[in-house]
Number of protein chains: 2
Amino acid sequence: MQEIMPGIEPEKRDRILNAAIEEFATFPYEKASTNHIVAKAGISKGLLFHYFGSKQELYEQLVGFVIEKMYRSIMDRIDWNESDLFERLKQIALIKMEVQQAYPHLFDFLLKVISNQHLAKAAEMIEFYKGYGLDFAQVSQDIYTRNVDYGKFRDPATTREAVNIVRWSLEKYGEELLAQMSSDTPLDLAQAAVSMNHYMDILKQSFYKPSLEQEGHAV
Amino acid sequence: MQEIMPGIEPEKRDRILNAAIEEFATFPYEKASTNHIVAKAGISKGLLFHYFGSKQELYEQLVGFVIEKMYRSIMDRIDWNESDLFERLKQIALIKMEVQQAYPHLFDFLLKVISNQHLAKAAEMIEFYKGYGLDFAQVSQDIYTRNVDYGKFRDPATTREAVNIVRWSLEKYGEELLAQMSSDTPLDLAQAAVSMNHYMDILKQSFYKPSLEQEGHAV
DNA sequence: TCTTTGTTGACCAGAGTGGTCAATTTCAGT
DNA sequence: ACTGAAATTGACCACTCTGGTCAACAAAGA
């Protein structure tokens, strides 16, 4: 749980981290090349091994960094008092996009780590982090249960399906926005929030009970 | 447009094709290894080069095969007389899953080819196939326009968004079903169709005009 | 028996691998 | 200006893996 690469200039640190994250997100552990990483980060081979000692240690520190980053991004920004599920899922989607902007391949990498496509060591580490309260399974359960008002839904019999549809829509929409970006302007999060609100309004009308004054949404 | 690997036993042919497709779907062209392919297919190195001559030619024949396979799967099975958009999108989703069953990584590979993550040669070939009427951009446009009855939608102002939500839901649902399978039973397409119908009914109620007798759905 | 076709795997030169280390540059403290 | 420590370099190493070759063998029909 100690700081990664302490005392280095943050700009260079992020360059190295992003290069490594991208490499490990793109290739399985064995095919990920330290040569590629140093080339992409614009540093010498020696420096990388000066910081991390070995490829394996680099990978492990990276896993730690990514888990903590993702966990803190969620925990620091989610408003657990917000009882509207649509708003909460929108918050998640926006957080995800924000992280993706600073570390474009962080999520891909994290997915690979969690689904155990890399070293068996990764599973150990995830278990280890649970001891510190960083439990993604728990978080993703909390998102749908903690302080959520399911009474707003029109039909209890189809609430489960409605929640899935909302989740799928937000995920796919986020993916498509991120895919569009790349060479474009670096992604307007405010704009994304607006159009997500638009979709959420449509879905609320479909799945929530009708009400004379429509639920207001905070931007 | 000639047959791929003519005169070989179909079972061995598919073993080789699937091994190659998986390798090229997993790695970029340069890192895809012919050694891996022959090992996974259970044949000798010499035989692969006896059939294809070189790695590049193997790749190109593979692109051709995959494009034709996907195109024909769609064209042979889609009912262009079906004017209900929901039914049509469901058909697409089911076709996709059916192909995925015979060639599990075909779609990943095709996506990589189309989005030009491999050789520049691939773009050429896609252009070449357009000359024979195999145009994916055209097909994916037809799906949403050719003989579709948009009069069923309740609110013209949000029809575009409704279509997106339906599309996203089907895509995500299909992805989650495929992710679940793997070691499980090899995926029950009939079962998938049933639960997709369930989701489609919910979405029809949300986005279609109310009608006394609900639209029947063909299974 | 001969020819053709399918099939093997040891072998090759070259590229790429993770990792090392002596030599340099950078720079704060005096 | 001098010093010592820290940051940084890249040539180098032993090793693995690469795409591709080819002489040899197996099977089978003529």
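What you see is a predicted model; the values in this text were computed from it and never measured. Sequence lines set the chain letters: A, B, ... in the order given, protein chains first and strands last, and positions in each chain run from 1.
Comparing D:dT9, C:dG6, D:dT18 by their closest approach to the side chain of B:His50 singles out C:dG6. The side chain of B:Thr34 lies closest to D:dG19, out of D:dA7, D:dG19, D:dT18. When the nucleotides D:dT18, D:dT8, C:dT17 are ranked by their closest atom to the side chain of B:Lys31, C:dT17 comes out on top.
For the pair A:Tyr51 and D:dT8, the criterion of a side-chain N or O lying under 4.0 Å from OP1 or OP2 is met. For the pair A:Ser44 and D:dT8, the criterion of a side-chain N or O lying under 4.0 Å from OP1 or OP2 is not met.
Distance, B:Phe27 CZ to C:dG16 C1': 15 Å, rounded to whole Å. Here C:dT24 presents its P atom at 21 Å from CD1 of A:Ile43, a figure rounded to the nearest Å. For the pair B:Tyr59 OH and D:dT18 C1', the interatomic distance rounds to 19 Å; values are reported in whole Å. Between the C1' atom of D:dT21 and the CZ atom of B:Phe52 lies a distance of 18 Å, rounded to the nearest Å. The distance between atom CG of A:Asn35 and atom P of D:dT9, rounded to the nearest whole Å, is 14 Å. When the C1' atom of C:dG6 is taken as reference, atom CZ of B:Arg13 falls 18 Å away, rounded to whole Å. Rounded to a whole Å, the CG atom of A:Leu48 is 14 Å from the C1' atom of D:dG10. Rounding to whole angstrom units, CZ of residue B:Phe49 and C1' of C:dG9 are separated by 13 Å.
Nearest-nucleotide mapping onto DNA chain D: of B:Ser54 and A:Leu47, the residue sitting toward the 5' end is A:Leu47. Between A:Lys55 and B:Gly46, the residue anchored nearer the 5' end of DNA chain C, judged by the nucleotide with its closest heavy atom, is B:Gly46. Closest-nucleotide positions on DNA chain C for A:His36 and A:Gly53 were compared, and the one nearer the 5' end corresponds to A:His36.
A:Lys45 comes within 4.0 angstrom of a base, heavy atoms only.
Ion pairing of A:Glu175 with A:Lys96 is absent here, as no side-chain N (NZ or NE/NH1/NH2) approaches a carboxylate O to less than 4.0 Å. Between A:Lys172 and A:Glu176 there is no salt bridge, since no side-chain nitrogen of the basic residue lies less than 4.0 Å from a carboxylate oxygen of the acidic one. A salt bridge does not link A:Glu30 to A:Lys55: none of the charged side-chain nitrogens sits closer than 4.0 Å to a carboxylate oxygen.
Side-chain contact between B:Leu62 and B:Leu17 is present, with heavy atoms from C-beta onward closer than 4.5 Å.
Between B:Asp135 and B:Tyr71 the shortest heavy-atom distance is N-CE1, 3.8 Å.
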